[in-house]
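Below you'll find the structure, written out as structure tokens, and then a few comments.
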Amino acid sequence: MGDSKNQRQKVGVFNEVLERLRKLDAEEANEPGFQDELRAHFSMLPHRYALDVDPERAEDVLIHKKLLNMARDPLITIPAVNVRLVQVCPASDVNLGNSDRPLHEITVSSKDKPKHLSRLSNCLMSGIGLTIQEAHAFCTKDGYSLIVFVVDSWKEGIEQLKNTLVKKIRDMDQ
């Protein structure tokens, strides 16, 4: 049956990520109980998550785990958002001249709500002028979402983008 094949794939990715984090000497990977926490993280997410994870970027899993933990923590009042520069692509549009086009990866985690992906993509990302190049959305078994966007059209810096997103998400949720 497909489930056992899916489970083997998920376990394989889990093992690759764990091994990679240990090779990178990631601080979390050396903490007692980390392997169990990482296994629990993978088990809370659908099989598709394991297929999307690139073991070469195992650090992304730590970010996802951290953001989901923030979203679950009732004492943390800021939205669980991470922003990082992925790459800078040369702009190919003749109207833009020789300017570079930065690509950012935005990861958001929160309690899952109806139409959450739609609201984040249409109201939030488009609302601040971002163009979504790619999006991946996952729901956990305990009712949280982990959504990863790759966007362009932002030129004001990572911290400014994160601050803008946090403010807009707060406004959206009120």
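All of these numbers come straight from a predicted model, not from anything done at the bench.
Take Glu134 and apply the side chain to side chain donor-acceptor pair (under 3.5 Å) test, not counting sequence neighbours, and it matches His136. Considering only residues two or more places apart in sequence or on other chains, Val166 meets the side-chain contact (heavy atoms from CB on, under 4.5 Å) condition with Pro79, Val81, Lys162, Arg170. Looking at residues two or more places apart in sequence or on another chain, you find a salt bridge (Lys or Arg N to Asp or Glu O under 4.0 Å) between Lys23 and Glu19. Evaluation of the salt bridge (Lys or Arg N to Asp or Glu O under 4.0 Å) rule for Asp142 yields Arg72 as partners, not counting sequence neighbours. Contacts of Asp36 classified as salt bridge (Lys or Arg N to Asp or Glu O under 4.0 Å), with partners at least two apart in sequence or in another chain: Arg39.
The closest side-chain heavy-atom distance from Tyr144 to Met44 is not below 4.5 Å. Here the side chains of Leu130 and Phe149 are not in contact, with every heavy-atom distance at 4.5 Å or above. Between Ile128 and Leu161 the shortest side-chain heavy-atom distance falls below 4.5 Å. Between Lys5 and His47 there is no side-chain heavy-atom pair separated by less than 4.5 Å. The shortest distance between side-chain heavy atoms of His116 and Ile147 falls below 4.5 Å. The side-chain heavy atoms of Val53 and Asp60, taken from C-beta on, include no pair separated by under 4.5 Å. For the pair Ile158 and Leu85, the minimum side-chain heavy-atom distance is below 4.5 Å.
Counting only distance, with no hydrogens or angles, the side chain of Ser109 and the backbone of Ser145 share a donor-acceptor pair below 3.5 Å. Judged by distance alone, with hydrogens and angles left aside, the side-chain atoms of Asn15 form a donor-acceptor pair with the main-chain N or O of Val11 at under 3.5 Å. Proximity of a side-chain donor or acceptor of Ser121 to a complementary backbone N or O of Ser118 within less than 3.5 Å is detected. Without hydrogens or angle criteria, Lys65 side chain to Leu38 main chain gives no donor-acceptor distance under 3.5 Å.
A salt bridge is absent between Arg84 and Glu59; no separation between the charged side-chain nitrogens and carboxylate oxygens falls under 4.0 Å.
The ring pair (Phe, Tyr, Trp, His ring centres under 6.0 Å) contacts involving residues 50-83 comprise Tyr49-His64, where partners must be two or more places apart or lie in separate chains.
Considering every non-hydrogen atom in both Ala58 and Arg20, the closest pair reads CB-CG, 3.6 Å.
Around the NZ atom of Lys113, the shell of radius 6.0 Å holds more than 12 heavy atoms that belong to other residues, nucleotides or ligands.
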Let's go through Asp73 and Asn69 carefully: what are the C-alpha distance in whole Å and the side-chain angles of both, what is the deciding distance for side-chain contact (heavy atoms from CB on, under 4.5 Å) to 0.1 Å, and is it a yes or a no?
CA-CA 6 Å; Asp73 188 337; Asn69 287 339; over 6 Å; no
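Val83 and Leu146 are not part of a single hydrophobic cluster, where members link through side-chain heavy atoms under 4.5 Å apart.
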